[in-house]
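Scroll down for the structure; my scribbles are underneath it.
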Amino acid sequence: MPDIAPLELIQQISREVKVCSLCELQHSRLKAVPGYGQSSAEIIFVGNAPDFFEDKEGLPMVGTAGLIFDELLEKENLHRKQVYTTNMVKCRPPNDRHPEPLELATCLVYLNRQLEAIQPKVVVTLGQSSLQRLMPNAKLEEMHGKFVEINGQLYIPFYHPRSVVNNPSLRPVLEEDFKKLITWITDPKNDTEGFNKISVKEEDKQEQLSLF
Ligand code: SF4
């Protein structure tokens, strides 16, 4: 059987997410938000959960945070069509509460399939919740902009563009982190020497790294 192309896989996942009823969040959503962007992107941005605007549109990173995201990409000569953007859970939780562990665990299957299809060079976690799914004790103010390789996959935590809406002083921080990411990705060597490398044992993966 021939390999299925990334685009086809991503489209299939999106179709499944849009009608998914695997967890309770099916009841609080207006529209599921599978993700948006290039199916062979080198960079995938992963936020926590859809917000009011994303839920309304069925698209990730819209509203004011979306405008900021576009500006940050544009500053590095990128368009959101060239990257992939999604969330850990694909449906908005009621009153924007944090997704429950069971909801996260259930929805994880889609993110894992997206990562498998896209095979990005770098996964960018957006915000504290997304970072903590990856590294439970990590603090965003210490970890943002630092590349970490975990079990062979490269990650870099960022502040969520939404946080700039409430705290404009974070904008230059985010700009600097974007610059760092793009400088690395456009360097043909893509050297990872000097990056923090973490190996998580298979039996600990569920506990420590239940995302990704
Ligand atoms: S949050 Fe994920 S698992 Fe739950 S209903 Fe939505 S798509 Fe399905």
Handout entry: Student check: side-chain heavy atoms of Pro157 and Leu140 closer than 4.5 Å
Key = yes

Fill in the blank from the handout: The reported gap from OG1 in Thr186 to CG in Asn190 (rounded to nearest 0.5 angstrom) is 8.5 Å

Handout entry: Verify same cluster id: Val46, Tyr84 (apolar side-chain graph, 4.5 Å)
Key = yes

Exercise for the section: List in chain and number order the residues that pass ring pair (Phe, Tyr, Trp, His ring centres under 6.0 Å) with Phe53, two or more places apart in sequence or in another chain; answer none if no residue qualifies. Expected result: none

Problem - Contact check, side chains of Ser129 and His98, non-hydrogen atoms, under 4.5 Å - result: yes

Problem - Pairing residues for Pro101 by the side chain to side chain contact (heavy atoms under 4.5 Å, CB included) criterion, not counting sequence neighbours - result: none

Exercise for the section: Decide yes or no for Pro94 and Leu25: does some side-chain heavy atom of the first lie under 4.5 Å from some side-chain heavy atom of the second? Expected result: yes

Exercise for the section: Indicate yes or no: at least one non-hydrogen side-chain atom of Asn48 is less than 4.5 angstrom from one of Leu126. Expected result: no

Practice task
Would you mind reporting whether Ile43 and Pro120 have side-chain heavy atoms less than 4.5 Å apart?
Solution key: no

Handout entry: Cluster check Ile150, Met88: I/L/V/M/F/W/Y, side chain < 4.5 angstrom
Key = yes

Problem - Cys20 SG to Ile13 CD1 distance, which is reported to the nearest 0.5 Å - result: 12.5 Å

Problem - Backbone of Leu104 reached by a side-chain donor or acceptor of Arg133 within 3.5 Å - result: no

Handout entry: Hphob cluster co-occupancy, Ile10 + Leu59, side-chain heavy atoms under 4.5 angstrom
Key = no

Handout entry: Member of His160, Lys56, Arg162 meeting the side chain to side chain donor-acceptor pair (under 3.5 Å) criterion with Asp51
Key = Arg162

Practice task
Measure the acute angle between the ring planes of Phe45 and Phe178, then classify it against the limits of 30° and 60° as parallel, tilted or perpendicular.
Solution key: parallel

Practice task
Treating Ile, Leu, Val, Met, Phe, Trp and Tyr as nodes and any side-chain heavy-atom pair under 4.5 angstrom as an edge, say whether Leu115 and Tyr36 lie in one connected cluster.
Solution key: no

Handout entry: Under the salt bridge (charged side-chain N to carboxylate O under 4.0 Å, His left out) test, residues paired with Arg15 that sit two or more places apart
Key = none

Exercise for the section: List for me each residue that meets side chain to side chain donor-acceptor pair (under 3.5 Å) alongside Glu57, sequence neighbours excluded, and say none if there are none. Expected result: none

Exercise for the section: Would you check if Pro60 and Thr86 make a side-chain contact, meaning some heavy-atom pair closer than 4.5 Å? Expected result: no

Handout entry: Joint cluster assignment, Leu73 & Val123, ILVMFWY side-chain distance < 4.5 Å
Key = yes

Fill in the blank from the handout: Which of Gln26, Gln114, Glu54 passes side chain to side chain donor-acceptor pair (under 3.5 Å) with Lys90? It is Gln114

Fill in the blank from the handout: Taken in chain and number order and not counting sequence neighbours, the residues that satisfy side chain to side chain contact (heavy atoms under 4.5 Å, CB included) with Pro6 are Ser39

Exercise for the section: Could you pull out the closest heavy-atom pair between Val122 and Leu181, with the gap in Å? Expected result: CG1-CD1, 4.0 Å

Handout entry: Lys75 bridged to Glu71 by N-O distance under 4.0 Å
Key = no

Problem - Side chains of Leu72 and Glu76 in contact at under 4.5 Å (non-hydrogen atoms) - result: no

Practice task
Examine distances only and state if a side-chain atom of Asp55 and a backbone atom of Leu30 form a donor-acceptor pair shorter than 3.5 Å.
Solution key: yes

Handout entry: Leu154 vs Lys121 side-chain heavy atoms within contact, under 4.5 Å
Key = no

Completion exercise
CZ (Phe69) and CG (Leu174) are apart, to the nearest 0.5 Å, by 9.5 Å

Exercise for the section: Ignoring hydrogens and angles, tell me if any N or O in the side chain of Asp187 forms a donor-acceptor pair with the backbone of Lys189 under 3.5 Å. Expected result: yes

Problem - Residue list, side chain to side chain contact (heavy atoms under 4.5 Å, CB included) with Ser40, at least two apart or on another chain - result: Gln38

Problem - Donor-acceptor pair between Gln12 and Glu8 side chains, under 3.5 angstrom - result: no

Exercise for the section: Ignoring hydrogens and angles, tell me if any N or O in the side chain of Gln82 forms a donor-acceptor pair with the backbone of His79 under 3.5 Å. Expected result: yes

